[in-house]
K.L.:
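Have a look at this one.
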Amino acid sequence: MSRPLFAPHRPQTVIPAARRNVPLIAMSETLSRPQSRKTRPRRQIKELINIYGTANTGDAVKLDEFRRRLEDCDDVIYTDIVIGKNVRATVLTVDGMVDAQLLNESILKPLVLDARFGGAETADDVRGLIADGYVYHSQRVATGSFKDAMASLLFGGAVLVFEDGGEAVLFDVKGFEHRGISEPTTENVLKGSKDAFVESLRTNTAIMRKRVQTDDLKIVQTTVGRRTNTPVALVYIKGVANSELVKSVTEKIEAADLDGLVSAGQLESVLQKYYRSIFPQLLYTERADKFVGNILEGRVGIFVDGLPFGYVMPVDLNAFLQSADDYSLHFVTASLLRILRYFCTFAALVLPGFYVAVMSFHQEMIPTKLVVAIIASKRGVPFPSYLEAILMLVALEILLEAGARLPQAVGQTVGIVGALVIGQAAITAHILSPGVVIVVSSAGIAGFVVPNQDLSIAVRTCRMLLVLLTSLAGLFGLSVGLVVILYHLCSIEVFGTPYLSPAGGAEWKRLLSDTIVRQEWYKQNVRPPHIHPEDDIRLRDTRKDENEI
């Protein structure tokens, strides 16, 4: 159920059916219609506010309760004002979270100086004038729920509380600072748009609205976290995304029982079915074009306030090996790059284990001249090949972790020192052989080709396990390890989509359509069937019409 940001809690009472699903903009238009105060009874004014408000539990919203609950909160500002004929009220705001100019010019100034408020004798009169639109602010909601009023205040709204209690009026005047739209930092753009998502939820949804200008684009908002009340938005295109998929994702989010949602891992633990698997099951991206492309295919997206990227689901393994730039290049070039990416991923996974197996158990597989050269290079090295590989892989992981945690300039220096100075010194001191350094370094570089960081970490973890297995059983251990990994991947299902789709079943032909290789655009006229979109047709082949002309 969609709710305004400044009133994120669900209504506590039953609203009449005729008004239950009235959007906020309709509320604003209705409240803004100037009507005569003489022709409207006070009871009718109150009824109108109750109908269009977020909730009305019948409990008075009192200033004393705010002061009690917000004790020792020095960033909360209480602005006392007198409206009309001695109607005392207080405007509550949180310093740094509101637009001060908007608050002063659109709300405080009309309430105090506008002559139409000068004749107000009671709080009901003031609320009626606000309902008539005499405050120059469209996003206003009356509520009798203290919970809604507190939520609005803590999310950057202004709360108008009257001295005699009763209903409060909520104004959406958010204005806290946030990072502007910039280029992606974790996903390099070669040929595409350079606008990336930011930490502000509303900025991200606005980017979506700008790119997908249709009323079929649905953005359903809720909150997650008992204490943080973090806004989470579900994004999909009605008529394209499968309704059962939307329902399933919505139920997962609403069932999340978290104390707070502050990191990506918490949301992933809620949405992932196989939470013990090291392979990623949610695709995250900070590129707007990549996010929109997945939504247009029938997938569902999620934005979390405070996280500078969006999640996409359901996905398969191939989605983590594709780049948004593949669709900006010629289909032949994009296909060659994809084949190279798959090959490098397999090499990063298997190459160190294969080297250990051959050197420790199957020397007969190596050509004679090569084995003589390797034996000569290992002369004086005290460690066996499998221990060399393990030490080298651990050193590589240490360098990667150090480079990621240090500032960018220092991180590059660490990589140069680790790769050149320490590596060369280890070879000269006969601690490591040149062969294992070449193999592990090649596998490490091949792993950097993987576009998704989560999949890259999973490949590196499995690579270490394969080295341990090959050190015990040679190629047999490598084969067993690959079979176990394949079995695990076949058992994963993400919201009804097999993880290895479309490799199995009748969809295997899509491997040569938009998976391992990419065909021309006019041939990709059908959306991926394994995500079960409601509208299968993506585009119509116009080449035949052009040929006929």
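In what follows, every heavy atom counts, from backbone to side chain, and hydrogens, waters and symmetry copies are set aside.
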K.L.:
Indicate yes or no: at least one non-hydrogen side-chain atom of Tyr236 is less than 4.5 angstrom from one of Thr250.
P.N.:
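When only atoms from C-beta onward are counted, Thr250 and Tyr236 do not touch, as no gap falls below 4.5 Å.
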K.L.:
Quick one about Thr205 and Arg202 (side-chain donor to acceptor, distance below 3.5 Å, no hydrogens or angles considered), yes or no?
P.N.:
yes
K.L.:
Under 4.5 Å between any side-chain heavy atoms of Val304 and Leu201, yes or no?
P.N.:
no
K.L.:
Distance from Lys191 atom NZ to Tyr327 atom OH, nearest 0.5 Å?
P.N.:
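The NZ atom of Lys191 sits 15.5 Å away from the OH atom of Tyr327.
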K.L.:
Please determine which of Val436, Val350, Val440, Thr470 meets the side-chain contact (heavy atoms from CB on, under 4.5 Å) test together with Tyr355.
P.N.:
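Exactly one pass, corresponding to Val436.
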K.L.:
Kindly state whether the ring of Phe291 and the ring of Phe303 have centres lying under 6.0 angstrom apart.
P.N.:
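Distance test on ring centres: under 6.0 Å, yes.
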K.L.:
Just how far is it from atom CD of Glu401 to atom CG of Leu396, taken to the nearest 0.5 Å?
P.N.:
12.0 Å
K.L.:
Should Asp215 and Lys238 count as an ion pair when the cut-off is N to O under 4.0 Å?
P.N.:
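Salt bridge between Asp215 and Lys238, a charged N being under 4.0 Å from a carboxylate O: no.
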K.L.:
Any side-chain donor-acceptor pair under 3.5 Å between Tyr275 and Gln281?
P.N.:
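Tyr275 vs Gln281: no donor-acceptor pair found between side chains.
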K.L.:
Should Arg341 and Asp326 count as side-chain neighbours, where that means a heavy-atom distance under 4.5 Å?
P.N.:
yes
K.L.:
How many angstroms lie between CG in Asp535 and CG in Asn242, if you round to the nearest 0.5 Å?
P.N.:
12.0 Å
K.L.:
Has the side chain of Asp289 got a donor or acceptor atom that lies under 3.5 Å from a matching backbone atom of Val292?
P.N.:
no
K.L.:
Heavy atoms only: give me the nearest Cys462-Ile485 pair and the separation to one decimal.
P.N.:
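Reported closest heavy-atom pair: CB-CD1, 3.8 Å.
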K.L.:
Taking all atoms of both residues into account, what is the closest heavy-atom pair of Arg338 and Ile516, and its distance?
P.N.:
CB-O, 3.1 Å
K.L.:
Hey, are Arg227 and Asp259 close enough for a salt bridge, meaning a charged N less than 4.0 Å from a carboxylate O?
P.N.:
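Answer for the salt bridge query: yes.
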K.L.:
Taking side chain as C-beta onward, heavy atoms only, is Phe383 less than 4.5 Å from Ile431?
P.N.:
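Of all side-chain heavy-atom pairs linking Ile431 with Phe383, at least one is under 4.5 Å.
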K.L.:
Please report the interatomic distance CG(Leu432) to NZ(Lys378), rounded to the nearest 0.5 Å.
P.N.:
9.5 Å
K.L.:
If you apply the rule side-chain hydrogen bond (donor to acceptor under 3.5 Å, both in side chains), what do you find for Arg211 with Ser193, and how did you get there?
P.N.:
CA-CA 11 Å; Arg211 287 178 169 271; Ser193 62; 2.8 Å; yes
K.L.:
Test side-chain hydrogen bond (donor to acceptor under 3.5 Å, both in side chains) on Glu254 and Thr222 and set out the steps.
P.N.:
CA-CA 8 Å; Glu254 292 181 347; Thr222 185; 5.2 Å; no
K.L.:
Does any part of the side chain of Leu283, heavy atoms only, come nearer than 4.5 Å to the side chain of Lys290, both counted from C-beta?
P.N.:
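They are in side-chain contact.
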K.L.:
Mind listing the closest non-hydrogen atom pair of Thr230 and Asp305 along with its distance?
P.N.:
CG2-O, 3.6 Å
K.L.:
Ser441 and Met392: which non-hydrogen atoms are nearest, and at how many Å?
P.N.:
OG-CE, 3.9 Å
K.L.:
Taking C-beta and beyond as the side chain, do Val240 and Glu297 meet within less than 4.5 Å on heavy atoms?
P.N.:
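No, their side chains stay 4.5 Å or more apart.
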K.L.:
To the closest 0.5 Å, what do you measure between CG (Leu282) and CZ (Phe320)?
P.N.:
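Answer for the CG-CZ pair, Leu282 versus Phe320, is 7.0 Å.
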K.L.:
What is the minimum heavy-atom distance between Ala458 and Phe279, and which atoms define it?
P.N.:
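Closest approach of Ala458 to Phe279: CB-CD2, 4.0 Å.
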K.L.:
What's the separation between atom OG in Ser200 and atom CD1 in Ile207, rounded to the nearest 0.5 Å?
P.N.:
9.0 Å
K.L.:
Assess whether atom NZ of Lys210 is packed by more than 12 heavy atoms of other residues, nucleotides or ligands within 6.0 Å.
P.N.:
no
K.L.:
Are Lys174 and Asp172 within salt-bridge range, i.e. N to O under 4.0 Å?
P.N.:
yes
K.L.:
Quick check on the 6.0 Å ring-centre criterion: do Phe309 and Phe197 meet it?
P.N.:
no
K.L.:
Within a strict 4.5 Å, meaning less than it, do heavy atoms of the Leu478 and Val356 side chains meet?
P.N.:
no
K.L.:
Assess whether atom OH of Tyr274 is packed by more than 12 heavy atoms of other residues, nucleotides or ligands within 6.0 Å.
P.N.:
yes
K.L.:
With the side chain counted from C-beta on, respond yes when Leu307 and Glu199 share a heavy-atom pair under 4.5 Å apart, and no when they do not.
P.N.:
no
K.L.:
If you look at every heavy atom in Gly260 and Gln266, which pair is closest and at what distance?
P.N.:
O-NE2, 3.1 Å
K.L.:
Please determine whether side-chain hydrogen bond (donor to acceptor under 3.5 Å, both in side chains) holds for the pair Glu268 and Tyr284, giving the CA-CA distance in whole Å, both sets of side-chain angles, and the decisive distance to 0.1 Å.
P.N.:
CA-CA 10 Å; Glu268 292 173 5; Tyr284 71 90; over 6 Å; no
